[in-house]
There are 2 protein chains.
Amino acid sequence: MRTERGDWGLSRLARRASKSERQRLLQQLVREDPLLTDQMLARKLNVSVQTIRLDRLELGVPEMRARARQVVERVQGRVKSLGPAEVAGDLIDLELGVGGISILETTQEMAFAKTGIVRGHHLFAQGNSLAVAVIDAEVALTGSARLVFHRPVRVGDRVVAKATVKRVIGNKSIVRVESRVDGEKVFSATLTIFALDQQDLEAQKGGRQ
Amino acid sequence: MRTERGDWGLSRLARRASKSERQRLLQQLVREDPLLTDQMLARKLNVSVQTIRLDRLELGVPEMRARARQVVERVQGRVKSLGPAEVAGDLIDLELGVGGISILETTQEMAFAKTGIVRGHHLFAQGNSLAVAVIDAEVALTGSARLVFHRPVRVGDRVVAKATVKRVIGNKSIVRVESRVDGEKVFSATLTIFALDQQDLEAQKGGRQ
DNA sequence: TGCATCATTAGTAGCTGGTCCTAATAGCTT
DNA sequence: AAGCTATTAGGACCAGCTACTAATGATGCA
């Protein structure tokens, strides 16, 4: 690499690197700071703006504004939580203290735009809502849970969740939820749910457990 | 051009709102999507581009490129003046492959009407989204999770979720999420997340790695 | 009724950060 | 000397702005 061609090596500013070296550097620079304009890059790499443009073209590096847009879209798209009123699925069967079934029609908004795969928390939302609904108490709160996502769910899939109360120990219930698409298991969870009276709640407002 | 003043009933946005209402909407729109240009806003709000410019001037809303730049800078970690009351339910810090922080402002719709306690799956949704966002891959999917709800969260609480990548084994990452309200832990989870890197997608981006 | 003020729209000039194209030049290599 | 690559220059054009001037219409109000 360092076998120079010509020895104009002692330029007054930084020595100019070879083309490939410069392009490697360019990629690194824009990765570190996507907001660098061609002009800034030209100054840093000690070449003309036109050369930077040619390099970007060759490397397929998009212009600054597009790079910024990409970052924004990535951030915005990724932190999309549950929609406002969206509480998970239609109850189609419910036997208090025993079990229940709900159905969730999946839509675009629930999925990653890129892949059409439904975000995991929507499956949990369905299961959690159902599990809480199944508990025969004034107020029921989820204490802990273990989840397994067996297979991706795609937009348009109809998810059928089935909850069964496995055990009741005092005010604590263990609920098992299994969700299926076309009979195939896609999600399962075991939840610990606490049944509370209003008094318990009042007590909790002040003190910590 | 538009001689009439009373064409109510077409669409919600076809009608022209009052100036203050329009400006309120404008602020909301740019907060939801910082990449909207003046032209797009003008169409959405059914006024001219010039009116949008005047509104932005009055409201101190910066131009689109500046808004994009702000988001990028915030995400890059060169946090400027992260205002306390400003962000609601979005990402405030993100370092790919390492960790991130998001804030969720809880609302009525997220809670049980009876108790004002936020439904557990919203906390998981926040944590899950954040965990997926920190993974440095084109596509990331949650494989399994263990959740603990330490204390109920009430409507109005501001939930700060912090995610940390604990371990990476092949395409599998273990991410720990802890959510707090006023410094007190309300929720925690350990998630296993799978990174699905699509080679062709990478190649399409110009050989950047 | 007339006049002032506000809201909205139109249009101009100029800026940044680009794209796309044509050319010229420098420095090898054959 | 001819051919090649790399680099630089310049012009025409574009989107999305800023900053300014000006016209028009509705509204208030004395």
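Sequence lines set the chain letters: A, B, ... in the order given, protein chains first and strands last, and positions in each chain run from 1. As a basis for the values below, the full set of heavy atoms in this structure was taken, side chains included, without hydrogen atoms, waters or symmetry mates.
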Among B/Leu41, B/Thr37, B/Asp33, side chain to side chain contact (heavy atoms under 4.5 Å, CB included) partner for B/Met64: B/Thr37
Atom pair distance, as rounded to whole Å: CG in B/Asp38 and P in C/dT8: 15 Å
Spacing between A/Leu41 atom CG and D/dT7 atom C1', to the nearest angstrom: 17 Å
Nucleotide D/dG16, atom P - distance to CD1 of B/Ile52 in whole Å: 14 Å
d(CD, A/Gln39; P, C/dC15) in whole Å: 14 Å
Between B/Gln27 and B/Gln23, a side-chain donor and acceptor under 3.5 Å: no
Value in whole Å for how far the P atom of D/dT8 lies from CG of A/Asp55: 10 Å
B/Ser48 side-chain N/O to C/dT8 phosphate OP1/OP2 under 4.0 Å: no
C/dT8 OP1/OP2 closer than 4.0 Å to side-chain N/O of B/Arg22: yes
Side-chain N or O of B/Arg53 closer than 4.0 Å to phosphate OP1/OP2 of C/dT8: no
Modelled atom types, side-chain donor and acceptor of B/Glu109 and B/Thr107, under 3.5 Å: yes
Phosphate OP1/OP2 of C/dT9 contacted by B/Thr51 side-chain N/O (<4.0 Å): yes
Touch class at under 4.0 angstrom, heavy-atom based, for A/Arg56 against every strand present: sugar-phosphate
Parallel, tilted or perpendicular: ring planes of B/Phe124 versus A/Phe149, cut at 30 and 60 degrees: parallel
B/Glu21, CD atom: more than 12 neighbouring heavy atoms under 6.0 Å: yes
Interatomic distance, B/Leu57 CG vs C/dA7 C1' [rounded to whole Å]: 15 Å
Presence of donor-acceptor pair under 3.5 Å, side chain of A/Arg65 and base of C/dG17: yes
Between C1' of D/dA15 and CZ of A/Arg69, the distance in whole Å: 11 Å
Spacing between B/Leu54 atom CG and C/dA7 atom C1', to the nearest angstrom: 9 Å
Touch class at under 4.0 angstrom, heavy-atom based, for B/Gln50 against every strand present: base
